Amino acid sequence: MQWLLLLSVLVIATCGIIYELIAGTLASYLLGDSVTQFSTIIGTYLFSMGIGSWLAKYIKKNLVQNFIVIEIIIGLIGGCSSLFLFFIFNQVEQFRVLLYFTVSITGILVGAEIPLVMRMLQGKIEFSELISRVFSFDYIGALLASVIFPIWLVPQLGLEKTSLFFGILNILVALVAAYKLAPRKSSAPLKFAGFAALFILVILFVFSHKITRNIEKEHYGERIIISQTSPYQRIILTESGGHLRLFLNGNLQFSTKDEYRYHEALVHPAVQMAGKINNALILGGGDGMALRELLKYPSISQILLVDLDAAMTKLFTHNPRLKSLNSGSFKNPRATVKNEDAFRFLRENKSVYDLIIVDFPDPSNFSIGKLYSNAFYSELKKHLSDSGTAVIQCTSPWAAPLSFWCIENTLRSVNLNTLPYHTLVPSFGDWGFIIASKQNKLQLNRPLPNHLKYLDSSIFVTMQHFPKDIGPRPTEVNNLQNQILVAYFEEEWKHVQ
Amino acid sequence: METRSINRKQFIVLISSFFGAGILWAFFKRFFTPKAKSPSVVRTQPDAKTGHLVRQNIDAHKSNKPSVPIAIIGGGISGMVAAWWLKKNHFNEFVLYELESNTGGNSSAHKNESGMYPLGAHYLPIPNTNQPELLEFLEEINCITGWQNKLPIYNEYQLCLHPKEALYIRGVWQGELIPTYGLNENEIKQNEKFNAKMQAFSVLKGKDGKEAFTIPMAHCSTDPEILELDKISMKNWMLQQGLNAPHLLWYVDYCCSDDFGANSSLVSAWAGIHYFTSRKGRGANSNAEQVLTWPQGNGFLAEALRSKISAHIQPNMLGYGVEKKENNWNISLFDKNKNSHFLQNANAVILAVPSFVRQHLYKNNASFPSNYHPWLVDTIQLKAEFFEEQKPAWDNVLYGSPSLGYIFNGHQETALPVQNRNITFFHAFSSQNPAETRKYLENSSNQHLLSGVLRDLEKMHLNITQQIISHHLHIWGHGMVSPGINSLWNPKRIESQKAPLRMAFAHTDISGISIFEEGFYQGIQAANKILKEL
């Protein structure tokens, strides 16, 4: 019996360290800044273990039964912790609170284990021998856990299965204790609870790949921290080397590494070319980053963002890591969000705007192709004030020159003046934009702001230059009846990828 | 060492436990799989019961209605256009009687929670520029939004969006309806030859200097050499030309059924060629291949017409007799709602009804036998997933099928999300004897009729049946007149379409080709005749 208990010390020590490592890893995946995450998680965990050890003294009777109960609870909470945390990450705003709560509970329970085991062994072994044996096994378990965790467990099993696996080990310890140590008359409900918990964890272990979609992990080659299907698209957020990348239906939308280049180029020239801007409209741009750039101008009193997908705007409003990317711009009182189809919005509303930012995905299908048609731009024009400007993200003029100039020709076909420009966004390549306006002469009325990370007025001059290989070319006008842009786009990107 | 083997008993236990597990599994699976709700089915048809009263000699007491200058009988497109044109010419004293509760005729529409849908006609090709009244009407209702270089600019949202059509052939969806996928060299040559011949006909002029094929029919050349084409069937003409590839014959059959309700063996070559060559419409932002379409099909046009003349319409009224009374006309009417008979005295009357009805109403009129093939139209409400996965075009056709495929009624929407929407499936019984088919349709159960529809749809979209929410089956007993051999240009037919003084006939039957443009043209002609003679 003595050796059985010592062996269980080894197992529960390993489990305890594993839960701690999982929480730390998960926090740095999801929240970034791994030093802070690991440090605060370990601190919280150790402190909670201290609380657990202290609380253990209040357990006076039925040591074995209580030990078994604690093992079962640890097995369930620790085992499910990573699944639970992944699941709530994009559901709740107070993710951090729940994260530290989970870590604390696990810590308190794990902290109570060792004192209980020592008291169960009390009197059976000499005290000095007891202390050294228990702690030896405890530390061996710690070493075992910290070595196999990064080398074998995470690469082979993944976080979800690892935590479930160690949850199962905890439960097995509880069951062995229930059979070998617990008094016969009181062991039946404990055995039942143990088997029930075991059943739950085994089921989750078997089906966890369905919940987390390992297939996509391989596809993206990076760790997926959000994977969500909205009625319109599949939203995937991946993390690698501290940078986040957002994919919609498998197409890259931004990388935090260089999104500032894209968003500065998208927003600021159009702002400085417009007359006085009172109210602005953003179509698409559910990540809130164009909004973030626009909010840098205190004089713009109202900004309406119309994005089809409520799942996107919700994610970028409430998720702690994502809302920090757009500086919490969705909560700014000057900003209003409407989840509606942009085409329908333009057709059913009459308001006029001084600035319209059009940040849609590339025209890779007919549904999106409609948003680049002459009919759409006619509607857009009706909403644009005489001195106002609109800016449109227009895919890559290098990878898809016909597509780029087709958008330009389509804008011109509804009698808008255009100013095309492009810049290098390393994650995307050479990327193009077009400013459109009823103004005859499009030029910077005011210099670009000084505080920008990338863009300044002299760079902007070079951005307007198109070398021969990506220069203007004749194309058809994209309309709802030919959807020629989708054809150009498919043909051109086929050769790139 | 002793080898381990199982004995007979163990073997039986093993096998039967496998078997038992299988049965248990099947039982649980069945038990836990939710049963699919079977789709609801509604079946409608024009009011044939009341309509057929015109065949009888009704001797009932009739109360007199106050006399009117003009009475129009029939609220299809031509009747309503006649009314609209009277109003346009500042003539407001007329009444229009319609048998059904709603006007519209073949251009009627219905709606369910997934939107509107047509019961029959569902598109208008870009009209030829020689119909100024039609262009005027289209401009009034904002189908034409402006003019550029003397060409109409059509409403972008009403021009059929891309992708317009798709043909399912040999397991592949191709983007145009004339089969091109998987053809051999000879077959490709036949396509080219066919297109070249049609191209030549479309620019051909007769000795009288008129275009050989145009819309309206009345503007076509009467050069006897060209009219010879009316005396053989389209199919025989094709074979004479050496155009005998099965895919091409199917395509021509499909086109004839689509516009005439009858296949290429039954319609004349003149009519068949007219289908391919008469549409020369142009717009600043469109061409002759384009069509205008709406979720409710031509119900949109019918409703636009109705709203302009609604004060004059009296629905649920059957006109069953017209007799000369001194210099006026006495019209016998049956009010379906009140179940009572009336006599309407009018200075002039426009009979906007098909010829087979007209011959009962006005017995002095010489009749000319024509065929009206029945149609089955099934509007199917489908779950949003279907449209997300399948992304149908507007017009979707199954190669080799006698059906006409289906149209996607939500096609003109520019906004997401994709929601539950309707498709409307058409089947013209274009090869059979019309009278027998009418009986067959009347006696067929819904289930039997739907099985034919689903057989085709399942070939185009595997498991579409699981996505169906509801069906609305609509049966047209007399779908449309078919321009048979030696019919369109038969002097007897032309003679039979002539009306006496202060009476006018308005219907596509006068032209002999049942399309919106002809109905429109005949409505204008009838109104003009009456305005002149009153």
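Predicted, not measured: the structure shown is a model, and the values here were computed from it. Chain naming here is simple, since letters A, B, ... match the order of the sequence lines and numbering starts at 1 in each.
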If one checks every heavy atom of A:Asn374 against chain B at 4.5 Å, the contacting part turns out to be side chain
Can you tell which part of A:Asp309 gets under 4.5 Å to a heavy atom of chain B, answering side chain, backbone, both or neither? neither
Approximate separation, where rounding is to 0.5 Å, of B:Leu159 CG and A:Asn482 CG: 11.0 Å
Of the non-hydrogen atoms in B:Glu156 and A:Asn479, which two are nearest, and what is the gap between them? OE1-CB, 4.3 Å
Considering only heavy atoms, which portion of A:Glu379 lies under 4.5 Å from any heavy atom of chain B: side chain, backbone, both, or neither? side chain
Measuring from atom NE2 of B:His162 to atom CG of A:Asn478, what distance do you get when rounded to the nearest 0.5 angstrom? 10.0 Å
Over 12 foreign heavy atoms within 6.0 Å of CD, A:Gln302: no
To the nearest 0.5 Å, how far apart are NZ in B:Lys164 and CD in A:Gln483? 15.0 Å
Looking at A:Val486, A:Asn365, A:Leu480, which makes the most heavy-atom pairs under 4.5 Å with chain B? A:Leu480
Flag yes if more than 12 heavy atoms outside A:Lys438 fall under 6.0 Å of its NZ atom; otherwise flag no. yes
Considering all heavy atoms, the nearest A:Asp341-B:Thr414 contact: OD1-O, 4.0 Å
Minimum heavy-atom distance B:Tyr157-A:Ala375, with the two atoms named: OH-O, 3.7 Å
Within the 4.5 Å heavy-atom criterion, are A:Gln481 and B:Leu161 side-chain neighbours or not? yes
